[in-house]
Amino acid sequence: MGDTFLMQALVYLGAAVLLVPIAKRSGLGSVLGYLLAGIIIGPFALQFIGEEGKDIMHFAEFGVVMMLFLIGLELEPQLLWKLRRSIAGLGSLQVVVTTVLAGVIALLMGLNWQQSLAIGMIISMSSTAIVMQSLNEKGLMKTHAGQSAFSVLLFQDIAVIPMLALFPLLATLRVSKSDDAHAASTWLEGQPGWMQTLIFIATVAGIIAAGRLLVRPLLRFVAKSGMREVFTASALLIVVGIAALMTKVGLSPALGAFLAGVVLANSEYRHELESDIEPFKGLLLGLFFIAVGASIDFNLIIAQPLEIMACVFGLVLLKAGVLLVLGRIFKLSTEQNFIFAFSLSQVGEFAFVLLSFALQEGILPQESVSFLIAVVALSMGITPLVMLFNEKVLLPRIGTEEKPGREADTIDEKNQVIIAGFGHFGNTVGRFLRANGIKATYLDIDSDRVDVLRRMGFKVFYGDASRHDLLHAAGAAHAKMMIIAISNEQKRLELIETIKKHFPNLQLLVRSTNRNDAYDLMNAGMMKVYRETLDTSMRMGVDALTILGYRTYTAKRLARVFLKHDEASLKQLAAIRNQDEYIVTAKQYIEELELIIQADAEGSKLSNADWDATTLIEEVRTATATDHKKA
């Protein structure tokens with residue numbers, strides 16, 4: 001048993017380590033890498049895993065459970081209110097329209113209305129795991145397409161509750177004892193449909209009440225112990241406990257975890273829960289994608305290739321078509337609409353839950369369920385390829401670049417400064433430069449923002465700034481300076497590598513999200529790094545000192561001393577990789593800064609007109625070293 005488990009672990013981890021980096025570097029994305037890994041090690045190819053892959057799928061579904069718990073934690077009331085139109089309008093229309101159209105098609109194929117309705121609801125679902133992972137990797141989650149996709153996925157996750165409640169009322173087949181084995185382990189055995197619906201509602205209400213009345217006091221009690229590993233265990237206990245409860249009543253564990261996350265979104269322990277569960281989520285999600293790839297029944301596909309492929313491409317086109325129409329109604333631009341539609345064109349992981357439930361309740365026969373499972377898994381498997389086709393083939397032909405005059409205007413414009421990323425950060429820099437008579441070429445990947453900026457008088461080029469051809473068209477070969485203000489950290493590093501390789505003449509000024517991001521940028525060779533929160537934090541600190549009675553001049557002078565020392569220490573700390581050494585060195589710098597501030601307060605050699613923070617730092621270090629020697 002132990003040897004079997006270790007061998008399976010070796011196979012899964014080895015396949016992921018080998019194939020995911022290759023897929024990522026090839027531009028295919030990590031999701032497709034995981035799916036390919038599952039196909040290669042699965043029963044159809046190398047046969048390293050067989051029927052036990054189905055058991056792994058149940059275990060790997062915890063990745064989806066944890067992902068939805070974390071999504072729930074992010075859903076503060078303000079965000080829900082901001083997305084209310086997309087969630088209630090776009091999300092509900094997508095589910096209803098797709099269900100009706102798919103149901104009508106199934107009805108025309110000879111199924112009864114109960115089976116047709118069930119199939120329509122199953123097909124209306126999309127894959128939260130694949131879509132969120134893919135959009136995050138491409139840096140598209142904050143675009144209009146990303147926010148719209150998130151809203152639709154959120155509504156779909158919520159819609160699973162009434163769907164599961166409705167399924168028992170659609171039963172038309174007699175369920176055999178073998179098919180009902182799983183149902184016998186739930187609390188719904190032998191209950192009439194109306195009672196099952198009441199149990200569903202009571203369970204959901206119980207999770208919400210427990211999250212408010214029991215979970216928070218439990219986390220408070222555990223946090224007081226000061227033991228991080230126990231808090232991690234508590235976080236896992238919450239997720240696993242809710243999953244077990246939802247399974248017991250025949251509901252989706254992922255849905256229960258999502259509800260619990262929403263309830264705890266305003267908890268004071270939200271960030272601790274996120275940091276504790278995130279590593280487990282990432283690992284199990286990868287395992288889930290591998291299991292999906294391994295579970296594709298290629299024998300069934302070989303036996304019925306035309307029927308299955310026709311269904312796969314038919315449902316992808318059906319869902320994409322519905323989403324394109326709805327995206328146009330909700331005023332998404334062409335590029336954003338295509339990204340939105342093709343990212344959600346697959347059938348999602350909740351379909352596995354709904355299909356299993358449809359089999360248990362006697363709605364669909366075994367052969368139909370097996371056929372649909374193959375279709376669902378295949379639609380999920382080709383999603384990264386569909387998104388890649390949209391990105392590489394469709395968008396260049398029908399996207400922003402085709403709008404009249406846009407490409408020509410940008411190519412004709414050669415300025416000494418190029419700004420990549422024209423959101424809130426790059427916009428401020430660009431306006432400041434323009435106010436001082438310095439023209440710049442602006443690049444941005446958000447097509448909706450490009451349109452708005454155009455109306456405001458900024459000539460902006462739509463596209464991925466990390467592309468060599470786009471930089472060349474923007475005049476990077478002759479420009480003097482590149483300001484990198486892109487919000488996505490990974491994209492910033494990709495852009496830096498492209499510029500170092502093709503345009504070494506450019507002087508780079510790079511935006512940094514935080515201190516850790518600054519370390520990555522400095523290790524990539526960037527010295528002109530600008531942390532978003534640094535200047536704002538210092539302005540707040542100066543105001544705080546002023547309110548507490550310090551003279552404004554003194555507070556500003558102390559802030560300059562702090563900034564000088566912090567920038568100097570940043571360059572030293574960026575080169576340290578060992579965590580223990582980093583902590584010791586950082587502690588030393590903190591102590592030095594405290595001594596500098598104390599020396600200034602006691603009346604150091606600094607004058608109001610002339611001071612040198614570097615000299616003072618060296619004096620403090622010399623004095624500190626002398627004290628250590630004497631000791």
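- Residues Met121 and Phe167 are in side-chain contact: their nearest non-hydrogen atoms beyond the backbone lie under 4.5 Å apart.
- Qualifying side chain to side chain donor-acceptor pair (under 3.5 Å) partners for Ser379, counting only residues two or more places apart in sequence or in other chains: none.
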As a quick check of understanding, evaluate side chain to side chain contact (heavy atoms under 4.5 Å, CB included) for Val375 and Val347, giving each step before the final call. CA-CA 9 Å; Val375 170; Val347 185; 5.9 Å; no
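- One distance of note links CG of Leu493 with NZ of Lys491; it measures 11.5 Å at 0.5 Å rounding.
- Side-chain atoms of Arg492 never come within 3.5 Å of backbone atoms of Ile484 as a donor-acceptor pair (strictly under, hydrogens ignored).
- Distance CZ/Phe150 to CD1/Ile87: 7.0 Å, rounded to 0.5 Å.
- Considering only heavy atoms from C-beta on, Ile445 stays 4.5 Å or farther from Asn488 through its side chain.
- Ile122 approaches Ala351 most closely through the heavy-atom pair CG2-CB, 3.7 Å.
- Contact detail for Ser343 and Met387: the closest heavy-atom pair is CB-CE, 3.9 Å.
- Considering every non-hydrogen atom in both Ser126 and Gln156, the closest pair reads N-OE1, 2.8 Å.
- In this structure, the side chain to side chain donor-acceptor pair (under 3.5 Å) partners of Thr98, at least two apart in sequence or on a different chain, are Gln94.
- Between Leu470 and Ala465 the shortest heavy-atom distance is CD2-CA, 4.2 Å.
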Chi angles and distances behind the side chain to side chain contact (heavy atoms under 4.5 Å, CB included) call for Phe503, His472: CA-CA 9 Å; Phe503 307 104; His472 181 76; 4.1 Å; yes
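- Taking 4.5 Å as the limit, every side-chain heavy atom of Leu36 sits out of range of all side-chain heavy atoms of Ile22.
- Note: Ile486 CD1 to Leu495 CG = 5.0 Å, rounded to the nearest 0.5 Å.
- Ile308 and Leu378 get closest at one heavy-atom pair: CG2-CD2, 4.1 Å.
- Note that OG of Ser124 is 10.5 Å distant from CG of Leu318, once rounded to the nearest 0.5 Å.
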Under the criterion side chain to side chain contact (heavy atoms under 4.5 Å, CB included), I'd like the reasoning laid out for Ile339 against Thr143: C-alpha separation, chi angles, the key distance, then a yes or no. CA-CA 10 Å; Ile339 294 170; Thr143 64; 5.8 Å; no
Give the intermediate values and the outcome of side chain to side chain contact (heavy atoms under 4.5 Å, CB included) for residues Leu443 and Leu471. CA-CA 9 Å; Leu443 311 176; Leu471 288 174; 4.0 Å; yes
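- Nearest heavy-atom pair across Ser345 and Leu323 is N-CD1, 4.4 Å.
- Expressed to the nearest 0.5 Å, how far CG of Leu355 lies from CD1 of Ile373 amounts to 5.5 Å.
- For Thr383, the side chain to side chain donor-acceptor pair (under 3.5 Å) partners at least two apart in sequence or on another chain are Gln346.
- Using modelled atom types, one side-chain atom of Lys319 and one backbone atom of Met125 make a donor-acceptor pair closer than 3.5 Å.
- Atom CG in Leu306 sits 12.5 Å away from atom CD1 in Ile301 (nearest 0.5 Å).
- Between the side chains of Thr498 and Glu494, no donor-acceptor pair is found at a separation under 3.5 Å.
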